[in-house]
**Student:** 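Next up is a structure, given as structure tokens.
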Amino acid sequence: MLLHQCRESFDSLSDFRAKRNRCRDYTFGRQWNDIIEVNGCRITEYEYILREGNVPLKNNLIRRIVRNVLGVFRSRLPDIMNRYYSKELEQVAAANSLSELFSRSLEEFLISGMVVHRKRFGFNKAVPGIWTEIVSPSSFFFNTDARDSRGWDINLIGQIHKVDFNDWCRAFVKNREDFSRAKKLFDGGLRHLNVTEVWRKEVVPRVLVHDRKAGLVRRLSESQAKALKMPKKWILDEVWRYYFLSDDGSILTEGDSPYIHGSHPYVMKCYPYLDGEIHSFVGDMIDQQRYTNRLITMYDWVIRASAKGVLLIPEGAVDPSNYQNIADQWSRFNGVIVYKGDPMIPEPKQISGNMSNLGISELLEIQLKMLEDVSGVNGILQGNTSGGNVSGELYNSQTTNALNSLSDLLETFTAFIRDSSLRDYSLLLKSKV
């Protein structure tokens, strides 16, 4: 059953979606949400640290690095757009705000290692045109036995839509009977229904028909070619077909690909996709971020546990009923403490303990350096200079070397933009026919 095949493909990406959610949490500051087991109880690290009486501190370094990479990309984006979205596609890029869309898509690409766009020709708010939609990897699936990084060996691809009543009517209601069925579906208080859109490459029988008047050879289905009195030849053809499925697996609508490229409407890119594996840019930095958070939390605990400004009052030096008043006066910058001194009893004094040097600050410096090495975003890309005595030639050389460390990642995403422009161009040709 087609729906079962879609479910298998969707479930096979469950590990990827779990990693994506974790990388997203670390990017946006939710960095103590990993589940640990303590005395047979599964709790988050955040809850465990609070139970131990500590404060779960964090210093979100990942977000800063992601912003730096986005800044580098935005500085290069105008040249990329001029290369792939000039002249014919200029209006398409402007109507879809593709410069902003590609920036947000790169953010997804850095976090999860996958970026997906869906292309369509039709109406958007009553305006006809070519439209681009970002597809969340959380609702996207494809056959995971594919190994080609270009996606050429994908034979099943699709996504799960959450459809409300209005969306359902626009897509599937063609007559009064369809409208009545739609009302029954949503009368039970349901706000959304899941609809699975799937595109599958299939081998189907076709008939080659030679239209001598037009001077063309057409590929038609057997039913379409049956009534035509023209030279024919039966063949097997490989085509992309689309299906929209309800939750129970019934087919709501189906058909051959209507696009001039004859394929599915999705443009996707996975990184690095070696042996079908997806590894994100953010995922490589999580271990360094975790250890940095641990060192900061440990530093805070050591500081709070050290003796700081403890007032020692010898027994009998003051009246016990005045202890609180003395403590209040001692904490004031201009406080005055009046008491009757006794030569046999020493005066009150304050002690403070210096925090022992555990090497935490040195470890933090090492972790920050390792984070730069792992991410490839060093101080030059972060706007830090090596000092005022650095020559312009040396600075430019350092900047070039820093950009080289990100070139593979950014060029992979640039290839995604190129593929996106090719799909837009094919839709533009279709609209002109």
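Numbers here are sequence positions counted from 1. Both backbone and side-chain heavy atoms feed into the values below; hydrogens, waters and symmetry mates do not.
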**Student:** Can you confirm whether Tyr271 sits close enough to Leu110 that some side-chain heavy atom of one is under 4.5 Å from a side-chain heavy atom of the other?
**Tutor:** no

**Student:** Is it the case that the side chain of Asp153 and the backbone of Asp148 share a donor-acceptor pair, with hydrogens and angles ignored and the cut-off at 3.5 Å?
**Tutor:** yes

**Student:** Do the side chain of Asp211 and the main chain of Lys213 share a donor and acceptor less than 3.5 angstrom apart?
**Tutor:** yes

**Student:** With the threshold set at 4.0 Å, does a side-chain nitrogen-carboxylate oxygen contact exist between Asp178 and Lys183?
**Tutor:** no

**Student:** Checking side chain to side chain contact (heavy atoms under 4.5 Å, CB included) for the pair Val195/Ile160: CA distance, chi angles, key distance, verdict?
**Tutor:** CA-CA 6 Å; Val195 173; Ile160 299 175; over 6 Å; no

**Student:** Given Ser105, which of Val116, Val115, Val135 fulfils the side chain to side chain contact (heavy atoms under 4.5 Å, CB included) condition?
**Tutor:** Val115

**Student:** When you compare the side chain of Asn60 with that of Phe28, does any pair of heavy atoms fall below 4.5 Å?
**Tutor:** no

**Student:** Quick one: do Arg150 and Asp419 satisfy salt bridge (Lys or Arg N to Asp or Glu O under 4.0 Å)? Show the steps, please.
**Tutor:** CA-CA 10 Å; Arg150 298 164 296 183; Asp419 295 342; over 6 Å; no

**Student:** Hey, mind stepping through Asp167 and Arg170 against salt bridge (Lys or Arg N to Asp or Glu O under 4.0 Å) and telling me if it holds?
**Tutor:** CA-CA 5 Å; Asp167 294 332; Arg170 281 192 293 266; 2.4 Å; yes

**Student:** Between Tyr266 and Gln159, is any side-chain donor less than 3.5 angstrom from a side-chain acceptor?
**Tutor:** yes

**Student:** Distance alone, cut at 3.5 Å: any donor-acceptor contact between the side chains of His161 and Glu197?
**Tutor:** yes

**Student:** For residues Pro137 and Phe16, determine if any side-chain heavy atom of one lies less than 4.5 Å from a side-chain heavy atom of the other.
**Tutor:** yes

**Student:** Between Glu372 and Lys369, does a salt bridge (Lys or Arg N to Asp or Glu O under 4.0 Å) hold up when you go through it step by step?
**Tutor:** CA-CA 5 Å; Glu372 290 185 359; Lys369 182 63 172 64; 5.4 Å; no

**Student:** Classify the angle between the aromatic ring planes of Phe141 and Phe10 as parallel (below 30°), tilted (30 to 60°) or perpendicular (above 60°).
**Tutor:** perpendicular

**Student:** Does either side chain, that of Trp131 or that of Asn124, offer a donor lying less than 3.5 Å from an acceptor on the other one?
**Tutor:** no

**Student:** Report yes if some heavy atom in the side chain of Ile65 is under 4.5 Å from a heavy atom in the side chain of Phe281; otherwise report no.
**Tutor:** yes

**Student:** Cut-off 3.5 Å, side chains only: do Gln5 and Arg200 have a donor facing an acceptor?
**Tutor:** yes

**Student:** So do Phe172 and Arg181 actually touch side chain to side chain, heavy atoms under 4.5 Å?
**Tutor:** no

**Student:** Side chains of Tyr26 and Arg63 only: does a donor on one sit below 3.5 Å from an acceptor on the other?
**Tutor:** no

**Student:** Answer yes or no: is there a donor N or O on one side and an acceptor on the other, between the side chain of Thr132 and the main chain of Lys119, under 3.5 Å?
**Tutor:** no

**Student:** Taking the side chain as everything from C-beta on, heavy atoms only, tell me whether Ser250 gets closer than 4.5 Å to Leu245.
**Tutor:** no

**Student:** Are side-chain N/O atoms of Asp164 and Asn166 paired as donor and acceptor at under 3.5 Å?
**Tutor:** no

**Student:** In terms of heavy-atom contacts, does CZ of Phe186 have more than 12 from other residues, nucleotides or ligands at under 6.0 Å?
**Tutor:** yes

**Student:** Side chains of Ser221 and Gln224: any donor to acceptor distance under 3.5 Å?
**Tutor:** yes

**Student:** Are Trp240 and Glu202 close enough that a side-chain donor and a side-chain acceptor fall under 3.5 Å?
**Tutor:** no

**Student:** Side chain of Arg147, backbone of Thr144: donor and acceptor closer than 3.5 Å?
**Tutor:** yes

**Student:** Between Phe140 and Phe142, what is the ring plane arrangement, given parallel below 30°, perpendicular above 60°, and tilted in between?
**Tutor:** tilted

**Student:** Do any N or O atoms from the side chain of Trp32 and from the backbone of Leu57 form a donor-acceptor pair under 3.5 angstrom?
**Tutor:** yes

**Student:** Does Arg290 pair with Asp34 as a salt bridge, N-O distance under 4.0 Å?
**Tutor:** yes

**Student:** Between Tyr242 and Trp199, how do the two ring planes meet: parallel, tilted or perpendicular, split at 30° and 60°?
**Tutor:** tilted

**Student:** Taking Ser257 for the side chain and Ser263 for the main chain, is one N or O donor matched with an acceptor at less than 3.5 Å?
**Tutor:** yes

**Student:** Closer than 3.5 angstrom, by distance alone: can the side chain of Glu411 be matched with the main-chain N or O of Asp408 as a donor-acceptor pair?
**Tutor:** no

**Student:** Any non-hydrogen side-chain atom of Gln31 less than 4.5 Å from a side-chain atom of Gln289?
**Tutor:** yes

**Student:** Stepwise, does the side chain to side chain contact (heavy atoms under 4.5 Å, CB included) test hold for Val198 with Ile157?
**Tutor:** CA-CA 6 Å; Val198 56; Ile157 192 170; over 6 Å; no

**Student:** Looking at Ser9, is its backbone amide N or carbonyl O close enough to the side chain of Asn143 to form a donor-acceptor pair, meaning the two atoms are under 3.5 Å apart?
**Tutor:** no

**Student:** Can a donor-acceptor pair be found, under 3.5 Å and without considering hydrogens, that links the side chain of Ser97 to the backbone of Glu100?
**Tutor:** no

**Student:** More than 12 foreign heavy atoms under 6.0 Å from CD of Glu254: is that the case here?
**Tutor:** yes

**Student:** Indicate yes or no for a side-chain donor-acceptor contact from Asn33 to the backbone of Asp25 under 3.5 Å, with no hydrogens or angles considered.
**Tutor:** no

**Student:** Pairing donors with acceptors under 3.5 angstrom, does anything connect the side chains of Tyr425 and Arg423?
**Tutor:** no

**Student:** Taking the six-membered ring for Trp, are Tyr85 and Phe102 parallel (under 30°), tilted (30 to 60°) or perpendicular (over 60°)?
**Tutor:** tilted

**Student:** Salt bridge (Lys or Arg N to Asp or Glu O under 4.0 Å) for Asp11 and Arg7? Distances and angles first, verdict last.
**Tutor:** CA-CA 6 Å; Asp11 291 343; Arg7 174 56 61 181; 3.7 Å; yes

**Student:** What do you reckon, are the aromatic ring centroids of His264 and Tyr259 less than 6.0 Å apart?
**Tutor:** no

